[in-house]
Structures are given as structure tokens and as C-alpha cells.
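Since the structure comes first, as C-alpha cells, the remarks are kept for the end.
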Amino acid sequence: MQSIGVLMTCPMHKYLEQQLETHFNLFKLWHCNSSITEFLKTHQGNTIRAVVGNTEIGADAELIASLPSLEIVASYSVGLDKIDLRKCEEKGIRVANTPDVLTDDVADLAIGLILGVLRGICASDAYVRIGKWKDADFGLATKFSGKSVGIVGLGRIGSAIAKRAEAFGCSISYFSRSQKPFANYKFYSNIIDLATSCQILIVACALTEETRHIINREVIDALGPKGILINIGRGAHVDETELVSALLEGRLGGAGLDVYENEPEVPEELFGLGNVVLQPHVGSDTVETSDAMADLVISNLKAHFSKKSLLTPVI
Ligand SMILES: O=CC(=O)O
């Protein structure tokens, strides 16, 4: 397979890059200083049969159109929002992603964010480091165990978060397109009702046209001044302007965010808020999971080019 042209869209995990270099003829899009079209002209765009993208740069219509021999997009991510799925379908291009292997890490981080916000872990860490403890005790935080948790999207990751929150004695309810027959949690067909009824609202669904800005002013106000919003999905799930003003005005109790609307830009108004915990989109970024995701990308590519079934097909 060493002659098969594979295009990586941006730097990801070093191990993935090494594996791609070992098994395929790897082209790196970020090594080009010119436009994509120029790059592909000089690097024989027509020899590239696979694209490996991620949550930053996937495969949009322009990239797909400039690769006439493209057969497969193997994403180093579970999220598919940076891939033009309609175009892929139209052109018969296969798509694979990396589900399952990252579920535990993302769910763990969601719980970490809840604890971080409610127990003030980052704020109290800073309190110790800058020597304020010598002057006075930190003060009281908020208990997590036993709270009511609402989950937006009860897929793999949402279910893994629910399982963890159950272990903290939390009551679980959820909103999704349809009621899940396997789930023993209270189902809401209306997200406002879910937000009204829970203390912690966690966004864990895929980003689609229907879920863009699913967390709007109405949902934030329904969650209320004591409510906590956790987002480990995508930044665009939340109307960020509304979120920032709700936090600044005290209409929302706090937020734990791993994702933002214009990454890596983060609204600076959030930097001074002790009831907000910010992460730089690292939900699945552990050594173990990143290696597993890379292995899955390689296995999908190898399966495709050996005419075998994809391990984790999307299309
Ligand atoms: O955000 C992470 C992913 O989609 O894998």
C-alpha cells in the first residue's frame, strides 16, 4: 500500500503521522504555503486516494472537488461536522470515523468539568498557588453527588456520562430525537423542559443543522442562575454570545466547556470567571485513546484498500 496517496489535513497525533508514513505515501497539507489548489497541482492531487482529517480540518466540498481520485475520508475524530457528508455520498466516497475508543475519555472529562465547576477545583488551585490560603479559607463549594443531570443526546458518549453520573447518585434525564428503548432514564421530547427540570445540563450530541445553537437563550434561562452547563460536544451547539452574557449577568450558575464556536478563540470575558472551567478541546486527548484512534484510522484505510469491510463505517 506504500504507493497509495494519503493526504493528512493538519498536524494531529505524531504516532498517526508515523503510521501513515510507514504504510502509505503521505502528503501533509500544512506543508503547503500556497492555496490547496496550488498544493494539489504540485503534489499530484490526482494520486491522492484518501484523506485523513480531524475536528479542525476535515474534508469540505472544496477539498473533495480538488481530489478526483478520492475514495475514502478516514477521520481522526468521532465528530463528522467537518466533513461534507452529502458530497461524499454523491461521489461514492467512503467515510469512517473513530467512535467507541474515545467514549470513556470524553465521558470522564464531562464528569471532571462538573466537579471542576461545582467544587471550584481550578479556582481553589489558583487560590493555593498564589498564597491566598494563608490569609483566609477558600470558602464553600457546591456538592455534585445527588444532583439532577440532564443529557442532550443519549448516544455512546451521553450514555457513558449517564452511567458515571449514576455512580454519583444523580438522577438522570435526557433529550434526544427519539426515546431510547434501552434507557431507564426520564425522556424529554422538549429541551426546555429538560433544562427546567435539571441542575446540570450536559451537551453530548452530534453537531448537525438541527442541533446548531440548540442551547439558546431560552434553554439557558430555563437552566437558571443555579444551573450548570457542560459542553463536550461542539462549540456551535451553544449560542456563545448568549452563554457569555448569561454568565456575566448571573443568569446561569456556571459552565464547564471543552469546545467553542471559533476554536481556538475563547471569549475573553470568561477568563475572569471562577464559576467557569475551560479546556482546549481535549476530550479524547489521552495517550491511550489517541493511539487507539490512530490505529483505527489505519485499520479503516487498510480495510478499504484491501477491499474489506470498514471497521467503523459512516458511509
Ligand atoms: O471532538 C472530538 C471528536 O470528534 O473526536
Side-chain angles (χ1 to χ4, degrees), residues 8-17 19-20 50-60 63 72-85 88 94-113 151-161 164 176 202-215 229-238 240 255-266 277-301 310-315:
M8 213 175 170
T9 60
C10 56
M12 297 170 208
H13 182 30
K14 206 70 204 157
Y15 167 71
L16 172 61
E17 207 174 307
Q19 288 298 306
L20 287 169
V51 164
V52 174
N54 67 356
T55 57
E56 208 179 306
I57 307 178
D60 61 11
L63 185 67
I72 179 167
V73 177
S75 193
Y76 177 71
S77 72
V78 67
L80 299 162
D81 48 290
K82 289 286 167 71
I83 304 172
D84 193 324
L85 293 176
C88 290
R94 304 296 314 271
V95 176
N97 63 345
T98 57
D100 300 317
V101 290
L102 48 62
T103 299
D104 284 340
D105 273 352
V106 181
D108 290 351
L109 186 69
I111 299 297
L113 284 169
I151 301 176
V152 181
L154 201 68
R156 298 177 180 90
I157 294 172
S159 302
I161 295 169
R164 284 158 175 72
S176 69
I202 307 173
V203 184
C205 58
L207 179 64
T208 63
E209 274 323 301
E210 293 110 65
T211 62
R212 189 173 295 276
H213 283 195
I214 191 167
I215 308 298
L229 179 73
I230 302 294
N231 190 5
I232 47 80
R234 285 289 183 268
H237 282 126
V238 178
E240 207 164 81
L257 309 171
D258 185 38
V259 287
Y260 310 87
E261 277 204 274
N262 300 304
E263 293 173 9
E265 299 300 324
V266 177
V277 174
L278 305 169
Q279 290 285 288
H281 199 154
V282 290
S284 57
D285 289 3
T286 63
V287 173
E288 296 86 341
T289 294
S290 299
D291 286 354
M293 288 167 68
D295 287 337
L296 193 47
V297 168
I298 300 292
S299 301
N300 273 314
L301 289 174
L310 298 182
L311 282 84
T312 48
V314 176
I315 296 178

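First listed ligand is number 1; within each ligand, the first listed atom is number 1. What you are looking at is a predicted structure, and each value in this text was computed from that prediction instead of being measured.
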*Looking just at side-chain N and O atoms, do Ser77 and Asn54 make a donor-acceptor pair shorter than 3.5 Å?*
no
*Between Glu240 and His213: side-chain donor-acceptor atoms closer than 3.5 Å*: no
*So which residues, sorted by chain and number, lie with a heavy atom under 4.0 Å of ligand 1?*
Thr55, Ser77, Val78, Gly79, Leu102, Arg234, His281
*Without hydrogens or angle criteria, can the side chains of Tyr15 and Asp295 be said to hold a donor-acceptor pair below 3.5 Å?*
yes
*Contacts of type side chain to side chain donor-acceptor pair (under 3.5 Å), residue Ser176, not counting sequence neighbours*: none
*Can any side-chain N or O of Arg164 pair as donor or acceptor with the backbone N or O of Ala160 at less than 3.5 Å?*
yes
*Quick one: does Lys82's side chain have a donor or acceptor within less than 3.5 Å of a partner on Ile57's backbone?*
no
